[in-house]
Structures are given as C-alpha cells and as structure tokens.
Peer 1: 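Before anything else, here's the structure in question.
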Amino acid sequence: SAAEVAVNNLARDTKYYWRVRSVNIAGESRWSEVWSFTTILGPPLLISPENGANHISTDTELVWNETERAETYEIQLSKTPDFSNSILDSSGVSGTALEVLNLNNNTVYYWRVRSINTAVVSEWSEVWSFKTIVALPDAPALASPETDAKNVSIDTVLVWNVTEQTEAYHVQLSAVSDFTSTVVDSAGVKGTDLVIHNLKYNTKYYWRIRSANIAGESEWSAVWSFKTIIAPPALVSPENDAAEISTDTLLVWSETDGATAYHVQLSREYDFTSTVIDSAGITTTELSINSLEGGTEYYWRFRALNGFGASEWSPVWRFRTQSVTSVDAVSDEIPVDYSLDQNYPNPFNPSTTIRFALPSESTVRLEVYNMLGQYIVTLIKDENYRSGIYETLWDGLDTAGREVAGGIYMYRIVAGDYIEAKRMIMVK
C-alpha cells in the first residue's frame, strides 16, 4: 500500500522537488528519483465595492489587489451567491479593475475573482456582494388646485399624486412663471400635500413638484397655476361699536382690487341667521340705509364679487342706532320763558316723564348723566321745535339699551342759549 505524509502551508505559485528513501534497522536505502510540482496561485483580495455595500451606481467598477505572478484574472458577477446564473464571466483581464455598466437598480449582486498564469489557475477569491442604488423616481402628477383655477383661498393645500420609490418631495411655489423667485421652496416633504398660508389676494401663482430619493431628484412636474380669491372689502363707517348712529345712515367700505361689485348684509343677529338687508351687485362703495329701528344694535359685513366668484366676508362690525324718543306737545300755550320741570314720577321705576317749555323756536338737546358726570343716554339730539310745552319719556335704559342701576341721575337740557339740569332718582 502507498505511504503518505501531509505537507502544510507551502508557498503559493512555487515549484518544489521531493524524494523518498526507506529506513530499517540495517540502515537507509538510496533516495528515490526526484519529482517536482508547482503550488497553486494565490487568489486576489477584493477591494471595492466593499462587501455588503449599498447604493452602488448601476455603472460601477470592480477592483481587486494584484496577485504575485498572476498574468491575467477571471471575474464572475451574478445575482445568485452560488454563481449558478452568472451575468458576467470575463477572463483574460490583465489589470486589477473591471468596469461593469447598466446593472439593474435596487438589485443585489455577487462577485469573485481568480488569478491565472500559463501554468496554473488560483482558487476563487472570497465572494462579496453589493446592492445597486434605487432608480430615480418619476416626476409626480399634480392634483389640486387644478391648473388655471380661480378664486382659490389664500390658505390652500397643494396636492399631488404619489410616485414609486420616492422618499420625499420638493415643492416650489412662485408668483413668476420661471421660478426665479419663490414664495415656497420646500424640500423633504414626506406626504403628498402641503398646506400654504397667507398668500396674497387676487394674485396668480405657479407651482411644481419633483420627487427625490437617495439616487437624486426627478425632473420637475408640469407647471400649474392658480389665482387667489379677491380681498374682502375693508369697512369704513359707521365705525365698529359706534353708538348713536342715525336711523338713516350710510354704510361705507373701501374699494377692492379686482372687484366688479359688492354684496352687503345687515342683520340684528351676529351670525346673520336673518337679515334686514341682503343685497348683491352693488357697484359703488357705499349704501344708503333708511328707517332703521331706533336704539337697536345692528351687525354688517361685505364681500367683493367678480366674474370668478366672491371673496371671503369682511370682519363683522356693529353699531347702535340712537334712541328715537317720542316728544309730545302738551299745550298750545306759548311760554314766557324757557323752563325744565322736575320729572314725574320721582323717584321712578322703570320710566319717568320730563317736561320742558320753549318760548321760541329752538334746537333742543336733552341728555342724561350719572352723578359722576358719565354720559348715559341722549333723549333728544339737536332737534328743532317750535315754541310750546313738550314732554318726553325716559325708559331707564342707557345708550346701549341696558337698564341702568338704581341711584341719582342728572338730566340736562340745552335749548338755544338756555341750559338747565335737574336731579332724578331711579329706584330698584
């Protein structure tokens, strides 16, 4: 039977010579004839792409270390780790790098290299793998506001369709079609919508989106445009919370850019559940209102109109009309002098009558104050009366229509050059 001995860790790509002789108690035999053999070449050491690397370009370069005494190299690239289905098997490569092109995106590849010379072929190197980068995403399709939309709110939402293999979106909004300046330039948007606040009224805007992932950004989407709603009118008069407004008054507001008409509402309720006036198509910036109720609180608002729709409503303002006090002539007698009588009854609750006399035609003002001199209400506001004796009723309400507290009050008349004041007592 044959005899053998194991020999380990010989140098690679080296020629060795060997012989054997027999030995027993009598001594040693002659040496056998000399044989020789050459050891295998060393496999190359792989360099890049590094093992397990991600996001490798679909056009990349496989690089390995030079092997001593190697003349050429053989490279295999496969989608399977056992190389049962190699997509590249290239031999005779004289350098230590090989460019591979047009690999698939988002795909794991396995690769190995071995050394070759005229005498021997090395073992295969280690098997390394890498994963190619995902493909650039497609440009998204825009959804809303629809292109050329009109009357879009100044607080709006830009919406687009999702694109595959997208990690985020880049949104641009501009008032110029070439986007040389932007109102919004926001990258890294994760969803498929973006809320935009406080745009300008009656302004045309342009917007576009592109998709992004680790491979880069897509082309820009189509450019869409929209125009925002016109501004609501600014109210001018009567001023907000104004009191003692005539029952025949004028509502005035500012002109709105882009408006062709206006819509006015006047109501006794803040929420306009019912209206005194609901008038659209007004082409001026004022509206005359007649025969309102005296001592009543009114609310009013406007919105602008054009061919595309209506603006938002203006803020709601309110005013209170002056109390319409009934003044009755109680005698045809012509008094000799001006006079202001004591009210009756006095004390009173809830109302009292005040009488005064005019010897000649006069403009009369009759007002009520508390004992601190604070204004309470006007009963007669600069109205003209012929000579005579008159009386009017105070219902115990202030200018806002609220019941006054019990206490002492002053009522004061001014008629021509005549001025007089008296006290009266409200009891609760």
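Below, each value reflects all heavy atoms present in this structure, side chains not excepted, and no hydrogens, waters or symmetry copies. Residues: numbered from 1 along the sequence shown.
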Peer 1: Do Glu74 and Gln76 touch side chain to side chain, with heavy atoms closer than 4.5 Å?
Peer 2: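 Sidechains of Gln76 and Glu74: in contact.
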Peer 1: Please examine the side chains of Glu255 and Tyr262, heavy atoms only from C-beta on, and report whether any two atoms are closer than 4.5 Å.
Peer 2: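 Result yes, sub-4.5 Å side-chain heavy-atom pair found.
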Peer 1: Quick one, Asp278 and His263 - any side-chain contact, counting heavy atoms below 4.5 Å?
Peer 2: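 In short, these two side chains touch, coming nearer than 4.5 Å.
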Peer 1: Has Phe308 got more than 12 heavy atoms of other residues, nucleotides or ligands less than 6.0 Å from its CZ?
Peer 2: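 No, the 6.0 Å shell around CZ holds no more than 12 heavy atoms from other groups.
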Peer 1: Does CD1 in Ile25 sit with more than 12 non-hydrogen atoms of other residues, nucleotides or ligands closer than 6.0 Å?
Peer 2: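 Counting neighbours around CD1 of Ile25, 12 or fewer heavy atoms of other residues, nucleotides or ligands fall under 6.0 Å, so no.
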Peer 1: Taking the side chain as every heavy atom from C-beta outward, state whether Ile209 and His170 have any atom pair closer than 4.5 Å.
Peer 2: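 SC-SC contact between Ile209 and His170 ruled out.
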Peer 1: Checking Glu164 now: which residues fulfil salt bridge (Lys or Arg N to Asp or Glu O under 4.0 Å) with it, not counting sequence neighbours?
Peer 2: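 With neighbours one apart ignored, the set is empty.
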Peer 1: Do other residues, nucleotides or ligands put more than 12 heavy atoms under 6.0 Å from Arg423 CZ?
Peer 2: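 Incorrect, the count does not exceed 12.
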Peer 1: Does any non-hydrogen side-chain atom of Glu297 lie less than 4.5 Å from one of Tyr270?
Peer 2: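 Not touching, per the 4.5 Å side-chain cut-off.
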Peer 1: Can you check whether Ser90 reaches Leu98 side chain to side chain, under 4.5 Å on heavy atoms?
Peer 2: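 They are in side-chain contact.
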Peer 1: Would Tyr411 and Trp394 count as a ring-ring contact (aromatic ring centres under 6.0 Å, His included) if you check the C-alpha gap in whole Å, the side-chain angles of each, and the deciding distance to 0.1 Å?
Peer 2: CA-CA 10 Å; Tyr411 58 102; Trp394 181 40; 9.0 Å; no
Peer 1: Could you check whether the rings of Tyr390 and Tyr385 sit parallel, tilted or perpendicular, using 30° and 60° as the cut-offs?
Peer 2: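 Tilted.
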Peer 1: Is Glu146 atom CD crowded by more than 12 heavy atoms from other residues, nucleotides or ligands, each under 6.0 Å away?
Peer 2: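 Counting other residues, nucleotides and ligands, CD of Glu146 stays at 12 neighbours or fewer.
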Peer 1: List for me each residue that meets side-chain contact (heavy atoms from CB on, under 4.5 Å) alongside Ser291, sequence neighbours excluded, and say none if there are none.
Peer 2: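 Testing Ser291 for side-chain contact (heavy atoms from CB on, under 4.5 Å), a comparison that skips the adjacent residues, returns Asp248.
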Peer 1: For Glu61, I'd like to know if atom CD has over 12 heavy atoms of other residues, nucleotides or ligands within 6.0 Å.
Peer 2: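 Enclosed: over 12 neighbouring heavy atoms sit under 6.0 Å from CD of Glu61.
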Peer 1: What do you reckon, are the aromatic ring centroids of Tyr169 and Trp160 less than 6.0 Å apart?
Peer 2: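 They qualify: ring centres under 6.0 Å apart.
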Peer 1: Test Asn105 against every option in Ile133, Val134, Leu136 by the side-chain contact (heavy atoms from CB on, under 4.5 Å) rule and name the one that passes.
Peer 2: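 Result for side-chain contact (heavy atoms from CB on, under 4.5 Å) with Asn105: Ile133.
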Peer 1: So, using side-chain hydrogen bond (donor to acceptor under 3.5 Å, both in side chains) as the criterion, who are the partners of Asp178 when residues are at least two apart?
Peer 2: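 Partners of Asp178 by the side-chain hydrogen bond (donor to acceptor under 3.5 Å, both in side chains) criterion, ordered by chain and then number, come out as Thr180.
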Peer 1: Should we say atom NZ of Lys200 is surrounded by more than 12 heavy atoms from elsewhere, each under 6.0 Å from it?
Peer 2: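 Atom NZ in Lys200 is not packed in, count stays at 12 or less.
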Peer 1: Going by the salt bridge (Lys or Arg N to Asp or Glu O under 4.0 Å) test, which pairs reach into residues 262-275, not counting sequence neighbours?
Peer 2: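 Matches after skipping sequence neighbours: Arg268-Glu293.
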Peer 1: Between Thr80 and Tyr110, is there a side-chain heavy-atom distance shorter than 4.5 Å?
Peer 2: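 Sidechains of Thr80 and Tyr110: no contact.
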Peer 1: Just checking, any donor-acceptor pair under 3.5 angstrom between side chains of Ser225 and Asp148?
Peer 2: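 A donor-acceptor contact under 3.5 Å links the two side chains.
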Peer 1: Kindly state each residue pair satisfying salt bridge (Lys or Arg N to Asp or Glu O under 4.0 Å) with at least one member in residues 205-234, sequence neighbours excluded.
Peer 2: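 Matches after skipping sequence neighbours: Arg210-Glu217.
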Peer 1: Classify the angle between the aromatic ring planes of Tyr369 and Tyr375 as parallel (below 30°), tilted (30 to 60°) or perpendicular (above 60°).
Peer 2: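 Rings of Tyr369 and Tyr375: perpendicular, over 60°.
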Peer 1: Show me the pairs that pass salt bridge (Lys or Arg N to Asp or Glu O under 4.0 Å) and involve residues 391-400, at least two apart or across chains.
Peer 2: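 Listed by first then second residue: Arg355-Glu391, Asp398-Arg402.
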Peer 1: When you look at Glu28 and Val23, which way does the side-chain contact (heavy atoms from CB on, under 4.5 Å) test go after all the steps?
Peer 2: CA-CA 4 Å; Glu28 295 178 325; Val23 179; 3.5 Å; yes
Peer 1: Run the numbers on Lys428 and Glu403 for side-chain contact (heavy atoms from CB on, under 4.5 Å), then give the verdict.
Peer 2: CA-CA 11 Å; Lys428 292 290 188 179; Glu403 290 185 0; 3.7 Å; yes
Peer 1: Going by ring-ring contact (aromatic ring centres under 6.0 Å, His included), Trp253 matches just one of Trp313, Phe302, Trp300, Trp317. Which one?
Peer 2: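 With Trp253 as partner, Trp313, Phe302, Trp300, Trp317 yield a single ring-ring contact (aromatic ring centres under 6.0 Å, His included), made by Phe302.
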Peer 1: Answer yes or no: are there more than 12 heavy-atom neighbours, outside Glu126 itself, under 6.0 Å from its atom CD?
Peer 2: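 Counting other residues, nucleotides and ligands, CD of Glu126 stays at 12 neighbours or fewer.
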